[in-house]
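Working notes, beginning with the structure itself.
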Amino acid sequence: MTVAATIRIQQADFDVAQEIARLSAGRTDVGAVVSFTGICRGTEGSEPIAALTLEHYPGMAEAEIKRHADEAIARWPLLGLTIVHRFGRIAPGENIVLVVTTSSHRQAAFEAAEFLMDYLKTNAPFWKQEESARGTSWIEARDHDDAAAARWTKS
Amino acid sequence: MTVAATIRIQQADFDVAQEIARLSAGRTDVGAVVSFTGICRGTEGSEPIAALTLEHYPGMAEAEIKRHADEAIARWPLLGLTIVHRFGRIAPGENIVLVVTTSSHRQAAFEAAEFLMDYLKTNAPFWKQEESARGTSWIEARDHDDAAAARWTKS
Amino acid sequence: MKVKYFAWVRERIGKAEETIEPPANVRTVDELIAWLSGRGDGYAYAFEKPKVIRTAIDHAHVKPEAAIAGAREIAFFPPMTGG
Amino acid sequence: MKVKYFAWVRERIGKAEETIEPPANVRTVDELIAWLSGRGDGYAYAFEKPKVIRTAIDHAHVKPEAAIAGAREIAFFPPMTGG
């Protein structure tokens with residue numbers, strides 16, 4: 001069976017429950033559902049922030065996420081896969097990103113979700129700008145995100 | 001901050017969205033939410049099943065899950081942790097088990113959820129009986145679940 | 001002491017729990033399993049492969065060589081299949 | 001060819017996209033960055049640390065030594081911070 005990933009890049013919020021239900025409701029082949037929700041925190045480092053603004057590269061963002069979704073589907077026996085990434089201004093406590101994976105067994109669902117999050121962090125063309133009392137500034141990439149992504153590379 | 005795990009062993013179904021919301025709604029410290037939902041599949045091996053019946057050891061089940069929840073809280077910087085495990089008769093497509101972990105960052109949330117699921121599979125005193133056209137039979141433990149749990153043991 | 005049985009151990013023995021008074025020379029889980037096996041066909045069947053049997057004393061997993069002295073509740077069951 | 005800039009690269013250059021016609025001796029991403037850097041202060045500031053800059057050709061990540069021949073759209077941006 002061919003699994004098609006659902007990929008959405010949108011300004012609007014998403015509903016985790018609805019996305020989980022879309023991949024599992026009424027099915028008896030799905031044994032494991034993993035969801036990852038990334039949420040905007042109220043601090044970056046130790047400083048309070050008012051909001052994040054996410055810029056993205058339309059066209060490439062979809063292409064890049066699709067490429068990694070296809071790789072996940074090739075590497076793990078997934079039954080379903082949904083990725084939603086928001087852009088625009090996002091306040092603390094609001095959702096930023098969602099990955100839902102389903103499989104017969106738990107290991108595939110967990111690993112594929114982690115793989116996708118690691119790659120979204122380092123390869124998907126999104127950039128976060130923070131608003132704080134000091135004004136706005138671009139968040140810097142973190143070395144340990146690169147290290148997390150590198151662990152999935154076949155040696 | 002001390003994190004208290006919520007642990008419930010119940011016959012009734014659970015609501016994934018509600019459990020996720022309870023750990024994340026209105027909070028600005030949570031950056032990552034991972035949920036794992038284990039669902040009853042319609043087949044065991046290649047054989048269709050009518051239902052599973054989960055037997056458990058009341059008292060010990062709570063104690064054993066609590067022990068592993070406390071270990072997860074000690075090992076990872078979690079902000080919240082919920083574990084719900086059902087017992088009784090469960091039909092294909094119905095929920096069996098839920099783990100929700102929250103943290104500032106994704107790695108802790110992912111690892112703690114995987115750790116807990118690996119231990120629930122091998123150490124929590126639950127036993128699954130399947131109903132199929134051939135009658136009822138107890139599901140056998142799988143060696144690879146033991147191997148999955150063993151990878152968390154400190155060497 | 002109170003003894004509990006679960007899953008197919010319970011089915012083979014034909015009861016979920018009972019109170020037993022093993023003799024003083026039964027000191028470990030291993031020895032208790034051997035002693036219980038001699039109590040009837042159901043017990044012998046339940047414990048026919050002692051290495052497969054898992055044991056908990058007062059709600060904590062223990063090894064076959066664990067001492068049973070002071071135990072309030074001992075439970076025997078197959079490998080767990082929860083989650 | 002069309003060039004796009006994102007995040008602080010865009011801010012420093014002061015525009016999101018433009019159409020450029022680099023000379024024929026500009027063959028690689030590296031060389032294009034050096035050529036762009038000479039177009040004004042904003043460009044020089046955006047590309048002051050070329051090793052930090054990431055590049056995509058036609059929506060795919062490429063290395064600094066990649067050839068630009070045949071590219072329809074080249075994008076320059078800082079390391080990504082999505083997810």
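To find a chain, count down the sequence lines: A is the first, B the second, and so on, and within it residues start at 1.
When the candidates B/Leu98, B/Asn123, B/Leu54, B/Ile139 are compared by the number of heavy-atom contacts under 4.5 Å with chain C, B/Asn123 comes out ahead. Each of C/Arg10, C/Lys4, C/His59 has some count of heavy-atom pairs under 4.5 Å with chain B, and the biggest count is that of C/His59. Per-residue counts of heavy-atom pairs under 4.5 Å with chain C were compared for B/Gly38, B/Ser137, B/Ala124; the largest is that of B/Ala124. Here C/Pro78 is the residue among C/Ala60, C/Ala56, C/Ala75, C/Pro78 with the most heavy-atom pairs under 4.5 Å with chain B.
At least one donor-acceptor pair closer than 3.5 Å links the side chain of B/Thr101 to the backbone N or O of B/Ala109.
Note: B/His56 and B/Phe126 have parallel aromatic rings, judged against thresholds of 30 and 60 degrees for the angle between ring planes.
Neither the backbone nor the side chain of B/Arg86 comes within less than 4.5 Å of any heavy atom in chain C. Within the 4.5 angstrom heavy-atom criterion, no atom of B/Glu62 approaches chain C.
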- Item | ring pair (Phe, Tyr, Trp, His ring centres under 6.0 Å) assessment of B/Trp127 paired with C/Phe6 | CA-CA 8 Å; B/Trp127 300 272; C/Phe6 292 95; 5.2 Å; yes
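For the atom pair CD of B/Glu55 and NZ of B/Lys128, the computed distance is 13.5 Å after rounding to the nearest 0.5 Å.
Annotation for C/Asn25: atom CG counts as buried by contact number, over 12 foreign heavy atoms lying within 6.0 Å.
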